[in-house]
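One structure below.
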Amino acid sequence: MSASDIEIYILDASYEVIGGEPHIVIWGIDRDGRRVLLRDRRFRPYFYAIIDKNFYDKIDILLSSIKRLSRPRSPITSLEIVDKKFFGKPVKAIRITTMLPEAVREYRDDVSKIPGIERVVEADIRFSMRYLIDNDIYPCTWHRFRVVERPRSGEYRVDAEYEVIDILHRVEEFVPPRLRVLAFDIEVYNPRGIPKANKDPIIIISLYNSDGEYIEFTANDKDDRNLIKSFIDYVLKYDPDIIVGYNSNRFDWPYLIERSRFLGIKLDVSRRRGVEPSPSVHGHISVPGRLNVDLYDFAEEMSEIKIKSLDEVAEYLGVMKKSERTNVPWYEIYRYWDDEKLRPILLRYARDDAISTYGIAEKILPFAIQLSSVTGIPLDQVGTASVGFRLEWFLIRIAYMRDELVPNRIEREYEPYRGAIVLEPKKGVHEDIAVLDFSAMYPSIMMKYNIGPDTLVKDPEICKEDKCFEAPETGYKFVKEPSAFFKIALEILVKARKIVREQLKKYSVDSIEYRVLDARQRALKILANACYGYMGWVGARWYCRECAEAVTDFGRETIRKAIDIARNLGLAVIYGDTDSLFVKYDKEKIDKLIKTVEDVLGLEIKIDKIYRRVFFTEAKKRYIGLTDDGRIDVVGFEAVRGDWAEIAKELQEKTADIVLKTMDPKKAVEFVRNEIEKLRKGVSEGSIPIDGFIIWKTITKPLKEYEVDAPHVVAAKYLEKAGYRVEVGDKIGYVIIRGSGKISDRARPYINVDVRDIDIDYYIEHQIIPAVIRILGYFGITEKHLKTVGRTGRSLFDYRK
DNA sequence: TCGTGGCGGGG
DNA sequence: GTGTACGCCACGA
């Protein structure tokens, strides 16, 4: 057959060993929408041995020592002496190539023991990633290949199979082909709380696809054989490119896999015939040929959302309102299934879950796809990879392009260092305040002062003649030239983002191009912002504590200088944190400030927002602002924290709203008192829902390791006793009930608590009053004012302001 | 009364 | 398995 050129949108890459030879397998979609498989047999695994400088004249000896290690199963096929850089310094290395990817690990250990080999690097880079990196291929991106078509083997569920004979180039087009997306959700029979796959059947599988169809499979009472078979048939028929779920890597997939194994059904849903889904890197489930994306991974990163349940996230993203959906508490699912009358409700719940999962995918996938395209991590792994790993894979690509060898991951002891400064706020209410922000302060500092492990100066001798930057307090020095590795990476990110933002202007906000480009610029920004934190992360390959410390050091100096400039211009600085300044709004002076900061410090600062009024107590990191358009921004207070009862948060927010808008604390006091009375009545009558009283806290370590029994730990132990499994990272919802003893003795999981047992006094004393006093206290209002019932209380008021 | 452990949201 | 700074609760000496 003859060669031809095709353009492929890359979905995923993996490898297979066939006849002792590794084959790279690329899954993709061509321009005609055909699902295709590309096979590249030309690539071989390798790693590097860096040569000790004292052995540069004995390289021949090293080569023959390495050659002697070669074993027939996977022989060393080539040894090549190469000039590379390691942390910016030139080094000579031997590139050792073998046959089987698994053999790299064995050779690495043996080679590193050879005298004259300083260290072995890049032996821990996965083979399929190695292929993508070396060939500049990015997942979720279009690429051009020269190929020869092969007869279809029948082993793969694709429209065509090709053999790669040349990798041509990447296509600068970011809009994906029309991808088939399938959202799924399973419901499981769970009479004992935690379902067990060898006992409890799957009762419903609900699905929603990108053609707008809803599909539902149900068990025959408690027999789920046909349900699972129908699910498999459906997946094969619809043939999705992307399968999305919510917490599916931790629940739906593992359960489906286990349950199928128990029933002796082959979960044959992948594009590789007969290969079932299986656990893979970073706790993700791999479905060959399809991209399995767990949306929960992305929800987890959204700090704006406190409770990461499917219904909350769907509500937040504007996908489905909680009030318009059916919800069934998970511990009651089996009851709804058993009860003929309740079963339709359970089915509606399953449907709403599948539809909202799909809706969330529509919001998140464009960003996830760009994150995959920019970092080079396949889409199904980019969500499970942490921020640090995402940046690291990007850095590895930059290293490859610059002939920099990738450092090994080293186990290190964690060392703390100083962070940013937070100014003491000027307490009280301030009118017309502008909030100025440095744009990308830490990335800018890293670039400006050329910070990185490769430019960090160990010998101060080389800093003569003004050749270095010096951090003001820590004294760490960085050579001005050549550019630091991080500076190069950041410049690439900044430049790419600038280009994307330029392109963005050409499209209307509702066009597909705009959405794609906007997602791309966000992905680029996130990577740039992660660089500082990455350097201070002990697990990082390019870890550099001194560098991270220098960044915060320069940051503190920068903001101090900006404050001086503001003061010299006669601008009062009310507050500041890390990279922001709150100053009295004065258009002319602020313009001057912005310009001076740019001239003197070489960094960009701009107005982020303007508050008509802003209120500070003496506490740092807490304030309430009234914006131009009449919105209230509550920052740092209980109202925005997840670990306070909803009733307290609500009252605090309303108090803030009343006070800031009317400047009349009396009105707020009146309001709070009324609300407290309503709550008392509601609790004693049992007429209000318990939801507002639930306090959520996270379990951060195994329950046994807790030395003190904090309320949420006590509640978690109750849950365990009731048969529920409590794991690290679980959010425990508890309430405080009436009775005697410590608060923690009276903490209970909110499940099955009657609202009439709620200790309303605890909530008033420890939740509502502290929360509202935090604001009203400034105006001279005390607990007494809030607790005194009736009109007599009024004479007690003594306002300071 | 005060130090400590624990926790979370945010610049 | 990005970073530190910060405020506040509950507990217990």
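On a predicted model such as this, the values are computed, not experimentally measured, just so you know. Every chain is numbered from 1 and lettered A, B, ... according to where its sequence line falls, protein lines coming before strand lines.
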- Query: Quick one: which of A/Asn529, A/Val551, A/Ile451 gives a side chain to side chain contact (heavy atoms under 4.5 Å, CB included) with A/Tyr442?
  - Reply: A/Val551
- Task: Round to the nearest Å and state the distance from A/Met441 atom CE to B/dG11 atom P.
- Result: 15 Å
- Within the distance-only criterion (no hydrogens, no angle test), does the side chain of A/Tyr575 pair as donor or acceptor with the backbone N or O of A/Lys621 below 3.5 angstrom? yes
- Query: Between A/Asn450 and A/Thr455, do the side chains contain an N or O donor and an N or O acceptor separated by less than 3.5 Å?
  - Reply: no
- First and last nucleotide of DNA chain C touching chain A, 5' to 3', heavy-atom cut-off 4.0 Å? C/dG1 to C/dG12
- Contact class for A/Tyr762 vs. all strands (heavy atom < 4.0 Å): base, sugar-phosphate, or nothing? sugar-phosphate
- Query: Over how many whole Å does the gap from A/Trp696 atom CH2 to B/dG9 atom P extend?
  - Reply: 13 Å
- Message: So, using ring-ring contact (aromatic ring centres under 6.0 Å, His included) as the criterion, who are the partners of A/Tyr763 when residues are at least two apart?
- Response: A/Phe693
- Could you state the CG-P distance from A/Asp643 to B/dG6, rounded to the nearest angstrom? 15 Å
- Query: Just checking, any donor-acceptor pair under 3.5 angstrom between side chains of A/Asp294 and A/His284?
  - Reply: no
- Query: Whole Å only: how far is the NE2 atom of A/His712 from the C1' atom of B/dG8?
  - Reply: 11 Å
- If each of A/Phe389 and A/Trp644 is mapped to the nucleotide of DNA chain C with the nearest heavy atom, which maps nearer the 5' terminus, i.e. the 5' end? A/Phe389
- Which part of the nucleic acid does A/Phe582 contact within heavy-atom distance under 4.0 Å: base, sugar-phosphate only, or nothing? nothing
- Contact class for A/Lys621 vs. all strands (heavy atom < 4.0 Å): base, sugar-phosphate, or nothing? base
- Query: Can you name the nearest heavy-atom pair linking A/Arg774 to A/Thr617, along with the distance?
  - Reply: O-CG2, 3.3 Å
- Query: So what does A/Tyr442 hit on the nucleic acid, given a heavy-atom distance under 4.0 Å: a base, only sugar-phosphate, or nothing?
  - Reply: nothing
- Would you say the side-chain atoms of A/Tyr718 and A/Arg748 include a donor-acceptor pair closer than 3.5 Å? yes
- Please report, rounded to the nearest Å, how far the C1' atom of B/dG11 is from the NZ atom of A/Lys609. 12 Å
- Message: Just to be sure I understand the rule, does A/Arg774 reach a base, reach only the sugar-phosphate, or reach nothing, if contact means heavy atoms closer than 4.0 Å?
- Response: sugar-phosphate
- Task: Just call it for A/Thr552: base, sugar-phosphate, or nothing, with non-hydrogen atoms closer than 4.0 Å on any strand.
- Result: nothing
- Base, sugar-phosphate alone, or nothing: which one does A/Asn529 contact when heavy atoms must sit under 4.0 Å apart? base
- Query: When all nucleic acid strands are considered with a 4.0 Å heavy-atom cut-off, which category describes A/Ala420: base, sugar-phosphate, or nothing?
  - Reply: sugar-phosphate
- Message: Measure OH/A/Tyr734 against P/B/dC7 and give the value in whole Å, please.
- Response: 11 Å
- Message: Does A/Arg390 reach a base, just sugar-phosphate, or nothing at all? Heavy atoms under 4.0 Å.
- Response: nothing
